[in-house]
Amino acid sequence: MAAGVVWLGAFVATLAAALIPARGDVLPSAGRASRVAGAALAALAAFVLAASVDAPGASAPVPGGAWPLLASCLGCMGVALPIAAICFSAGILVLRRVLPMGARRIGVALGAAGGAVGGAALLFHCPIAGTAHVVLGHVGGVALAALAGALLAPLLLERAAR
């Protein structure tokens with residue numbers, strides 16, 4: 001239950017920072033959005049490092065060796081990243097004509113928000129609860145989505161403004 005709250009809290013916080021202006025502002029603050037995304041990513045990593053617990057009989061074991069672990073992490077990223085892409089695309093659609101500056105930092109927040117909702121979906125999909133897998137495959141997916149958001153948001157928002 002706590003994991004769901006943390007993952008969905010990261011989603012809500014980063015999405016709100018990316019889309020909702022602060023009181024008295026007209027546009028969302030790009031600096032605030034990227035700081036919230038960084039804090040959410042750090043909170044997810046800290047939570048996973050501190051609270052990942054295998055449930056005997058319910059959790060699948062972490063694959064032994066580097067390649068099987070990497071393959072399991074890529075499998076989870078393959079589930080989470082399409083979910084992140086949908087969230088990111090919706091955010092870009094909302095902001096397509098209102099964000100002239102700070103697109104890269106807003107993209108970080110939109111990507112992290114999508115990654116966090118994808119990570120929340122993995123709570124119900126992924127049977128592996130080992131710390132190494134969850135940090136690399138689940139939180140790593142959030143980081144990868146945030147990086148993709150930083151790279152894609154300026155391109156997409158510039159194209160939409162034309």
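Numbers here simply count residues along the sequence, with the first being 1.
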d(I20 CD1, L27 CG) to nearest 0.5 Å is 13.5 Å
Closest non-hydrogen contact found for P63 with L69 is CB-N, 3.9 Å
- Please examine the side chains of V142 and W7, heavy atoms only from C-beta on, and report whether any two atoms are closer than 4.5 Å. yes
d(H125 NE2, I83 CD1) to nearest 0.5 Å is 8.5 Å
Same cluster or not: L123 versus F11, using hydrophobic residues (I, L, V, M, F, W, Y) connected whenever any side-chain heavy atoms lie under 4.5 Å apart?
no
What one should report as the nearest heavy-atom pair of A30 and G102 is CB-O, 3.5 Å
- May I ask whether V12 and L110 are part of the same hydrophobic cluster, defined by side-chain heavy atoms of I, L, V, M, F, W, Y residues being less than 4.5 angstrom apart, directly or through others? yes
Practice task
Find out whether L136 and L70 are in side-chain contact, i.e. whether some heavy atom of one side chain is under 4.5 Å from a heavy atom of the other.
Solution key: no
Separation between CG (L156) and CG (L151), nearest 0.5 Å, reads 11.0 Å
So CD1 of I92 and CG of L152: to nearest 0.5 Å the spacing works out to 8.0 Å
Closest non-hydrogen atoms of P28 and I106, given as atom of the first, atom of the second and distance, are CB-CD1, 4.2 Å
- Query: With a 4.5 Å limit on heavy-atom distance, are the side chains of V117 and L15 in contact?
  - Reply: no
Scanning both residues in full, the closest heavy-atom pair of H138 with C76 reads NE2-SG, 3.4 Å
Shared hydrophobic cluster, V139 / M77 (ILVMFWY, side-chain heavy atoms < 4.5 Å): no
Heavy-atom nearest pair, R104 first then A150, reads NH1-O, 2.8 Å
TODO: Give a yes or no on whether F88 and L81 share a hydrophobic cluster (residues Ile, Leu, Val, Met, Phe, Trp, Tyr; joining criterion: side-chain heavy atoms under 4.5 Å apart).
DONE: no
Exercise. Are V48 and V6 grouped together when hydrophobic residues (ILVMFWY) are joined by side-chain heavy atoms under 4.5 angstrom apart?
Worked result: yes
Smallest heavy-atom separation, V36 atom then A13 atom, equals CG1-O, 3.5 Å
Distance col, row S52:OG vs I128:CD1, nearest 0.5 angstrom, shows 12.0 Å
Rounding to 0.5 Å, atoms CG (L41) and OG1 (T14) come to a distance of 10.0 Å
